[in-house]
Amino acid sequence: MTEQTKKLLARIERNVTVNEETGCWEWNRYCNKTNGYGLVWVGRDEHGKYIWNNAHRLSYELFWGPVPEGMEVAHTCHTPKCCNPNHLVACTHKENIRMSVEAGRWVRGTDKKNAKLTERDVRIIKEGSIFEQLSQRAVARMFNINLTTLRSILTGDTWSHVTV
Ligand SMILES: [Zn+2]
């Protein structure tokens, strides 16, 4: 991990409030008034002007790598200011719109308080590359589970039917 990546990760970490109920990392600094996206200062251009990036997009890139050409970063949690990389997916503009349209239905259909891990979540945890960037505690926070639950996945005491 480069110094620049570390600095940007720390900036995200410092400026989000974790919503205990949903697991969302809610950007608590300046947000775009039109679309609600968090804005993060990433540097200056050659004229000394500030360069801003969408906080969720930056978070996606830091954790999962560059956003593929022509794709957008969408929120599976439908919270524009959320920067939890596990709530972010790259998709086309069309898919992004479709997801927004279906959002109402999804939100109603999910009991967020009792949000359960999905097999996809477990596969990401077991595959393990995420631990190169984050401590167990941070990964548990990211998936909104406690450390005991995380460790029992890693030892295979639970979710043993999911293989990487
Ligand atoms: Zn979220």
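One-based numbering, in listed order, for ligands and for the atoms of each. What's counted below: heavy atoms across the whole structure, side chains too, no hydrogens, waters or symmetry copies.
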Opening angle at the Zn ion (ligand 1) [SG, Cys77; SG, Cys82; to 10 degrees]: 110°
The Zn ion (ligand 1) contact by His78, N, O or S atom under 2.8 Å: no
Metal site the Zn ion (ligand 1): N/O/S of Cys83 inside 2.8 Å: no
Atom of His87 closest to the Zn ion (ligand 1), considering N, O or S atoms: ND1
Option passing side chain to side chain contact (heavy atoms under 4.5 Å, CB included) with Leu147 (candidates Leu150, Ile145, Thr149): Leu150
Side chains of Leu154 and Lys126 in contact at under 4.5 Å (non-hydrogen atoms): no
Worked verdict on Val40 versus Arg29 for side chain to side chain contact (heavy atoms under 4.5 Å, CB included): CA-CA 8 Å; Val40 59; Arg29 302 297 289 270; over 6 Å; no
Side chains of Ile51 and Arg44 in contact at under 4.5 Å (non-hydrogen atoms): no
